[in-house]
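Here is the structure we will look at, set down as structure tokens.
Quick note on labels: first sequence line is chain A, next is B, and so on, each numbered from 1. Only heavy atoms go into these numbers, but all of them, side chains included; no hydrogens, no water, no symmetry mates. These numbers were taken from a predicted model, which means no experiment stands behind them.
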Number of protein chains: 2
Amino acid sequence: MPAAPRAGVTLADVAAAAQVSTATVSRVLSGNYPVAARTRARVTQAVADLGYVMNVNARALARSRTSTIGIVVQDVAEPFFGHIARGVERRAAELGLACLIMASRGSKERELELVDLLRSYRAGGVILVGGATDDRGYRTKLAHRARALADEGGILVLCGRPPLGDGAPTRSVGYDNEGGAFAVTSHLLAQGHRRIAYVGGPPRLSTHTHRLAGYRRALEQHGVAWDDDLVHVGRFDAAFGRATVAGLLRHGLAATAVFAANDEVAVGVYEAAEEAGVAIPGDLSVVGYDDVPVATHLRPRLTTVSVPLEELGRRAAELCVADGADAVDAVVGTRLVVRDSVAAPRAATEPGALSSAES
Amino acid sequence: MPAAPRAGVTLADVAAAAQVSTATVSRVLSGNYPVAARTRARVTQAVADLGYVMNVNARALARSRTSTIGIVVQDVAEPFFGHIARGVERRAAELGLACLIMASRGSKERELELVDLLRSYRAGGVILVGGATDDRGYRTKLAHRARALADEGGILVLCGRPPLGDGAPTRSVGYDNEGGAFAVTSHLLAQGHRRIAYVGGPPRLSTHTHRLAGYRRALEQHGVAWDDDLVHVGRFDAAFGRATVAGLLRHGLAATAVFAANDEVAVGVYEAAEEAGVAIPGDLSVVGYDDVPVATHLRPRLTTVSVPLEELGRRAAELCVADGADAVDAVVGTRLVVRDSVAAPRAATEPGALSSAES
DNA sequence: TTGAAAGCGCTAACAA
DNA sequence: TTGTTAGCGCTTTCAA
């Protein structure tokens, strides 16, 4: 058992105890450097005896680079972000990196502040997680910081959002929002649905706009006309899903299916349907996006698009340390997962089948 | 708009640009120090012009204390931990602290390593989140580190777990596991249940043992005999809840209710019941613990014990910076939340009522 | 293979 | 009100 550690044990203390210079201690601690076996042993012993742990801040200062990365999410407790954060944390730990985590609460101003804060911590990589708002001024400001970060030896990593453009020095790992939305909408279309409501948001958030684009493309490909009244843009949460569908139901639902642009929204859709006595999928088919655990908690189980969130996070962590060569922007695949929340629309099924099912 | 930041802008650069000494720059940056308004303005200008951001590592070294705290959870993506982490992060941000987050994956060896790692980062506070394994050797080792941390000017904060004893210098914020379990078990008893299965774990984890103790006390108080066959100790996850109850059902369920020691376990209980065609709460009543969002996603909605997880996290963050005086160990309250997963047991209800309800 | 010493960027006496 | 300067704990040439 190591001795009870003393206050503020430093490298110099260890050097004194081992009767060597601080340089030698530094070398054995850093590994990769020729040190005589006996000297090394003495040093190792002294470290153990004194309960010494290195001061990483001092090391960071001396080396002028840290082994810390930063990760900015909207909300730590949100499953979407939590799963990505898990991937980042795990891969970072494997790579010997520590993670500073911060929450923007969806404010782009705060996000900007946070990357500056992370910059002050000299984080080697700063990972921005989740969709970004499409805003010219904001993009410019972010590009500035990306450049500053790069100048300081760090790198800005975009995780699940589009690149900044303008040759801003960033790396990115994304997934195909448009493609997943296209797939899941096509699935609905294939079942015979023609009036499919879209519920998502916020307005200019990339995740939402790209998913909406996939929805649109699927409609077009099936020759279904676009209907503004079916598209509801608000937020990415259950309350919005619920309020929207409750409203729809109140005014006589025109849709036979709803594409909840993420699983949280789908939770709200289920609630509204339940309250109104509308059966899923009998009266209304529902699909989601993300495939977070709640998708399998819902009854009927939710058909949705699976995004490998943890993998996304792992890739992002890797991009923080990759050297130029293998720092290729990555894209991970999404996958439609069919469960029990979709059925053919009532109108498409012969009347007899409906009534017999209800008898 | 600030100028495009240059690489490695330092305090000295700012001082030069503003034609003052580094000390002066340091003073305006630190705030709270008398500096002439005009000088201050020049410095502020230079900072903006150069896009300067302070190097916190250098500051930490010079001040020999950091504005960083560490938080150790089992798993970042688990809602229980995610919500606590959210509280920590939010309060920390308000206090001007950055959070290093690390996951132990439930290994106590790794947890010990992580506090050493955090110690090397000179984290001012290290928050250990969630139940702890009752293990003498482990406790001793942790106590050592608590002392080392304290010697270095930091503090070990225990969040949701019992104190170390032996006068180890820690602070803690907890909640009443035993009391909550007593309350929810009593609720079941009050409905007429006498054969209540307990499903939780792992074996010596404090959260589990304390909840089990509450269960036991409630039984005793109602004069219900303890039955080993009803107590199932394994893990705190859905898979265990499912497997356990599936087994129970296969061998002819002896219980009329189950106390899932956390909501995740309850998810598994619901799955097993669903598979076996057992109705909740008609055939089987179920209660959980924690009141994470899944409790309201389940149908019927889960009766459970609400723990103010975010508040718990906020308190923990505060304890990292509190000075001796107001650093009182805190305990936040829990609350029984009754929803729809509990009914009177079949045996206790008169036969007529049952059949009429089903007709 | 090891040691001496000059920093890394910032703070905090101590002077002025 | 401001400047000078000696560290904070570690790394890393450059010599030996």
Side-chain angles (χ1 to χ4, degrees), chain A residues 5-43 46-47 50-68 119-124 151-153, chain B residues 5-44 46-47 50-68 119-124 151-154:
Chain A
R6 305 190 351 248
V9 181
T10 72
L11 231 199
D13 297 328
V14 176
Q19 319 223 61
V20 295
S21 70
T22 59
T24 300
V25 179
S26 173
R27 293 199 260 258
V28 349
L29 260 33
S30 302
N32 55 32
Y33 209 91
V35 175
R38 300 194 36 175
T39 333
R40 172 184 305 279
R42 281 220 310 288
V43 171
V47 166
L50 300 174
Y52 168 77
V53 304
M54 151 133 38
N55 183 328
V56 246
N57 295 307
R59 163 176 281 192
L61 187 56
R63 292 203 203 184
S64 63
R65 66 201 155 75
T66 63
S67 50
T68 303
R119 207 142 74 74
S120 78
Y121 276 84
R122 288 296 182 271
D151 285 348
E152 293 154 10
Chain B
R6 305 188 353 245
V9 181
T10 72
L11 232 198
D13 297 329
V14 176
Q19 319 223 60
V20 296
S21 71
T22 59
T24 301
V25 179
S26 173
R27 292 198 261 259
V28 349
L29 259 34
S30 302
N32 54 31
Y33 212 90
V35 175
R38 300 193 36 176
T39 331
R40 173 185 305 279
R42 281 220 310 288
V43 171
T44 313
V47 166
L50 299 174
Y52 168 78
V53 305
M54 150 134 38
N55 183 328
V56 251
N57 295 307
R59 162 177 282 192
L61 187 56
R63 294 205 211 193
S64 63
R65 66 201 153 76
T66 63
S67 51
T68 303
R119 207 142 73 74
S120 78
Y121 276 84
R122 289 295 181 272
D151 285 348
E152 294 154 8

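A 4.5 Å side-chain heavy-atom check between A/Val28 and A/Val47 finds every atom pair outside the cut-off.
Comparing the start and finish of the helix from C/dT1-D/dA16 to C/dA16-D/dT1, five pairs each, the helix axis swings through 30°, to the nearest 10 degrees.
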Side chains of residues 18-26 of chain B: which donor-acceptor pairs under 3.5 Å do they make with residues two or more places apart or in other chains?
from    : atom 1 : to      : atom 2 : distance (Å)
B/Ser21 : OG     : B/Ala23 : N      : 3.4
B/Ser21 : OG     : B/Thr24 : N      : 3.3
B/Ser21 : OG     : B/Thr24 : OG1    : 3.2

Side chains of residues 55-63 of chain B: which donor-acceptor partners sit under 3.5 Å, not counting sequence neighbours?
from    : atom 1 : to       : atom 2 : distance (Å)
B/Asn55 : OD1    : B/Asn57  : N      : 2.9
B/Asn55 : OD1    : B/Ala58  : N      : 3.2
B/Asn57 : ND2    : A/Tyr121 : O      : 3.4

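Of all nucleotides in DNA chain C, those with any atom nearer than 4.0 Å to a heavy atom of chain B start and finish, going 5' to 3', at C/dG9 to C/dA13.
When all heavy atoms of B/Ala123 and B/Thr66 are compared, the pair lying nearest together is CA-OG1, 4.0 Å. Of all heavy-atom pairs between B/Arg122 and A/Val9, the closest is NH2-O, 4.3 Å.
Remark: A/Leu50 CG to A/Leu11 CG distance equals 11.0 Å, nearest 0.5 Å. A distance of 13.0 Å separates CZ of B/Arg119 from CE of A/Met54, quoted to the nearest 0.5 Å.
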Check the interface with nucleotides 9-12 of chain D: list each N/O to N/O pair with the protein under 3.5 Å, or write none.
from   : atom 1 : to      : atom 2 : distance (Å)
D/dG9  : N2     : A/Ala58 : O      : 3.4
D/dC10 : OP1    : A/Tyr52 : OH     : 2.2
D/dC10 : OP1    : A/Asn55 : N      : 3.3
D/dC10 : OP2    : A/Leu11 : N      : 2.3
D/dT11 : OP1    : A/Arg59 : NE     : 2.5
D/dT11 : OP1    : A/Arg59 : NH2    : 2.7
D/dT11 : OP2    : A/Ser26 : OG     : 2.7

